Amino acid sequence: MITGGGALVVGIGLRPGTPEAAVRELLHRVATEHGLELDTAVVATLGRRADEPGLRAAVAPRAPVGYPAEALAAVPVPSPDGRVGAAVGTASVAEAAALLTAGPGATLLVPKTRGDGVTVAVARARR
């Protein structure tokens with residue numbers, strides 16, 4: 001487990017209707033592979049996905065922070081995806097949401113990682 005530093009933020013991109021189990025599985029895989037404790041991390045996503053039942057159930061009792069596509073599109077990310085941009089109006093959801101929420105000077109600890117209908121990235125806020 002990584003300790004010290006600032007708060008962790010999990011950015012999550014997902015297709016509509018993605019089940020809770022798919023979100024939980026990817027969060028668990030990312031946490032395990034990278035030695036992170038994500039149970040208390042802030043969760044961020046695209047605004048229109050913040051109320052997705054599978055996402056909300058997977059991260060409860062936390063409520064995801066949602067951003068408009070324009071805000072996410074303004075965040076420089078290492079792994080933009082034109083297909084995602086065409087679909088939702090921003091070339092990054094997971095990485096951009098994590099970095100935007102973590103604030104200036106944030107570090108991307110885990111670049112976007114794909115699962116079944118869901119993508120996760122993790123950023124650490126600067127102290």
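Computed from a predicted structure; not experimentally measured.
Annotation: the span from Thr45 atom OG1 to Asp51 atom CG amounts to 10.5 Å, rounded to 0.5 Å. To the nearest 0.5 Å, atom CD of residue Glu33 and atom NE2 of residue His28 are 9.5 Å apart.
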Solution key, residues 68-76 side-chain donor-acceptor pairs under 3.5 Å, sequence neighbours excluded:
none

Can you give the donor-acceptor pairs under 3.5 Å from side chains of residues 116-123 to other protein atoms, not counting sequence neighbours?
none

Show me the side-chain donor-acceptor pairs of residues 10-17 shorter than 3.5 Å, one per line, residues at least two apart or across chains.
none

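Under the 4.5 Å side-chain heavy-atom criterion for Ile, Leu, Val, Met, Phe, Trp and Tyr, Leu46 and Val77 are members of the same hydrophobic cluster. A continuous path of hydrophobic side-chain contacts links Val30 to Val43 [ILVMFWY only; heavy atoms under 4.5 Å]. Residues Val65 and Val23 do not share a hydrophobic cluster, defined by chaining ILVMFWY side chains whose heavy atoms lie under 4.5 Å apart. Side-chain heavy atoms closer than 4.5 Å link hydrophobic residues (I, L, V, M, F, W, Y) into clusters, and following such links, even through other members, never connects Leu55 to Val88. Both Val93 and Val42 are part of a single hydrophobic cluster, where members link through side-chain heavy atoms under 4.5 Å apart.
For Thr107 (side chain) and Leu109 (main-chain N/O), no donor-acceptor pair under 3.5 Å exists by modelled atom type. Between the side chain of Glu95 and the backbone N or O of Pro111, no donor-acceptor pair lies under 3.5 Å.
Shown here is Arg29, whose CZ atom has more than 12 heavy atoms of other residues, nucleotides or ligands within 6.0 Å.
Counting all heavy atoms, side chain and backbone alike, Leu38 lies closest to Arg62 at O-NH1, 2.9 Å. Ala63 and Arg56 make their closest contact through CB-NH2, 4.0 Å (heavy atoms, listed as atom of the first residue, atom of the second, distance). Closest approach of Ala44 to Tyr67, counting heavy atoms only: CB-CE1, 4.1 Å.
With a 4.5 Å cut-off on side-chain heavy atoms, Leu27 and Val59 count as touching. Glu52 has its side chain out of reach of Thr18: every pair of non-hydrogen atoms, C-beta onward, lies at least 4.5 Å apart. Side-chain contact check for Asp81 versus Lys112: some heavy-atom pair is nearer than 4.5 Å.
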